[in-house]
Enquirer: 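I'd like to ask you about the structure that follows.
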Amino acid sequence: MDISIPSVSPAAEALALRYGVAASPAVGPWNDHIALLLSHRSVRAYRPDALPHGTLETLVAAAQSAATSSNLQAWSVIAVTEPGKKAALAVVAANQKHIEQCPLFLIWVADISRNQRLAADSGVELATIPYQETFLVAAIDAALAAQNATVAAESLGLSCVYIGALRNNPSEVARIAGLPQGAFGLFGMCVGYAAGSGSEVKPRLPQDVVLHREVYDTTGEAARRTAYDGLMADFSARQEMAASTWTSRVIGRMGKLTAMAGRDKMVAALHAMGFGLK
Ligand SMILES: Cc1cc2nc3c(=O)[nH]c(=O)nc-3n(C[C@H](O)[C@H](O)[C@H](O)COP(=O)(O)O)c2cc1C
């Protein structure tokens, strides 16, 4: 009787970590870059070790290599390393300790101020400034740039975690970072070396839930969600967090305004910082 264990390819293993064995899609084209993307995990504990010289500039070069709407490049990033500044930003973000621990904290900024300065220097007014679309363009540009930086950092053996909780108090972030009107701190990002073994890859929804072929289709969604709830309950138990399903997480985060931690006032904050949302 053959009792050998069938060998599993690295690709199949990576897909199983991301989706669980039962919901893994078939292995398709694969390379080291894709393996890196699938190995992503947010890290919330950092060693104090400094980053190698030039790391910040490499991450920003990767960020600036992202696509940008009409090449408007409507984003900026603030690199924060001063302990006092990181401590003040941690206070804004509900005292998340990793903000103080990490050697580099990045604030990703939706920035239309630079293009407004360009217009002022050219003696023109930008008619599109008061529109929501302009904010969206800047926010999308900034998010794409930030994700490129994340992937670059992870490829260098560094870890990251995004910090959306900076939006709990946008005006305080603007004060700490010295942002001009027309510049909005969208989210932060811790960058550094993971302390300990880091966290596990967090499973995602089965592909059929997010991938719709030709038209949007919710057939089978509820059953797949139930299966994913089981996977996430196991994951949270393994991570020594309160066992919680994805369903309860979504309802907890989206079901009540208090979970927005002040971010329900975003329109007023954006107006105050020079973004119209017509
Ligand atoms: C825009 C954005 C904001 C986030 N804000 C926070 C945050 O404030 N604190 C935190 O611990 N994680 C934050 N995260 C990380 C998510 O919780 C994490 O990406 C998600 O749970 C999936 O886990 P994974 O990144 O390990 O796969 C944020 C992620 C994104 C994309």
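Just so we're clear, the structure is a prediction, and the values are computed from it rather than from any experiment. Atoms within a ligand are numbered from 1 in the order they appear, just like the ligands themselves. Excluded from the calculations below are hydrogen atoms, water molecules and symmetry mates; all remaining heavy atoms, backbone and side chain alike, are included.
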Enquirer: Would you mind finding which of Q96, K202, R253, Q147 brings a heavy atom closest to atom 20 (C) of ligand 1?
Expert: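 It is K202 whose heavy atom sits nearest to atom 20 (C) of ligand 1.
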Enquirer: Relative to the heavy atoms of A165, which atoms of ligand 1 are at a distance of less than 4.0 Å?
Expert: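 Ligand 1 atoms under the 4.0 Å threshold to A165: 8 (O).
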Enquirer: If you measure only the distance, is there a donor-acceptor pair under 3.5 Å linking the side chains of S69 and D141?
Expert: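 The criterion, which ignores hydrogens and geometry beyond distance, is not satisfied for D141 and S69.
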Enquirer: When only distance counts, is G164 in polar contact with ligand 1, meaning an N/O pair under 3.5 Å?
Expert: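 Looking only at distances, the answer is yes, because the N/O contact criterion of under 3.5 Å is met.
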Enquirer: With rounding to the nearest 0.5 angstrom, report the NZ to CD distance, K278 to Q132.
Expert: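 The NZ atom of K278 sits 12.5 Å away from the CD atom of Q132.
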Enquirer: Starting from atom 19 (O) of ligand 1, which protein heavy atom do you reach first, and at what distance in Å?
Expert: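 In this structure, atom 19 (O) of ligand 1 has S42 OG, 3.4 Å as its nearest protein heavy atom.
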Enquirer: Determine whether the side chains of S171 and N169 contain a donor N or O and an acceptor N or O closer than 3.5 Å.
Expert: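 Yes.
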Enquirer: Does an N or O from H40, backbone or side chain, lie closer than 3.5 Å to an N or O of ligand 1?
Expert: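 N/O-N/O distance under 3.5 Å: yes.
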Enquirer: Looking at atom 11 (O) of ligand 1, what's its closest protein heavy atom, distance included?
Expert: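 Result: R44 NE, 2.6 Å.
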Enquirer: Check ligand 1 against R41 and write out every atom of the ligand that is under 4.0 Å from a heavy-atom position of the residue.
Expert: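 Result: 26 (O).
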Enquirer: Side chain, backbone, both or neither: which applies to R204 and ligand 1 if a contact is any heavy-atom pair less than 4.0 Å apart?
Expert: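 Only the side chain of R204 comes within reach of ligand 1.
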Enquirer: Could you list who else is in W30's hydrophobic cluster, with ILVMFWY side chains joined at under 4.5 Å, directly or through other members?
Expert: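 The other cluster members (ILVMFWY side chains, heavy atoms under 4.5 Å, direct or chained) are L15, Y19, V27, I34, L38.
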Enquirer: Polar contacts were defined as any N/O atom of the residue lying under 3.5 Å from an N/O atom of the ligand; does this apply to Y162 and ligand 1?
Expert: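 N/O-N/O distance under 3.5 Å: yes.
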Enquirer: Relative to each other, are the rings of F184 and F275 parallel, tilted or perpendicular (30° and 60° limits)?
Expert: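 Plane angle over 60°, so perpendicular.
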Enquirer: Is it the side chain, the backbone, both or neither of V201 that has a heavy atom closer than 4.0 Å to ligand 1?
Expert: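 The answer is neither; V201 stays 4.0 Å or more away.
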Enquirer: Which ligand 1 atoms, with their elements, are less than 4.0 angstrom from a heavy-atom of I163?
Expert: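 This gives 5 (N), 6 (C), 7 (C), 8 (O), 9 (N) as the contact atoms.
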Enquirer: Under 4.0 Å between a Lys/Arg side-chain N and an Asp/Glu carboxylate O for E172 and R175?
Expert: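 A salt bridge links E172 with R175.
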Enquirer: Minimum heavy-atom separation for M189 and A146, please, with both atom names.
Expert: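 Where M189 meets A146 most closely, the heavy atoms are CE-O, 3.5 Å.
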Enquirer: How are the rings of W108 and F187 set to each other: parallel, tilted or perpendicular (split at 30° and 60°)?
Expert: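 Tilted: the ring planes of W108 and F187 meet at 30° to 60°.
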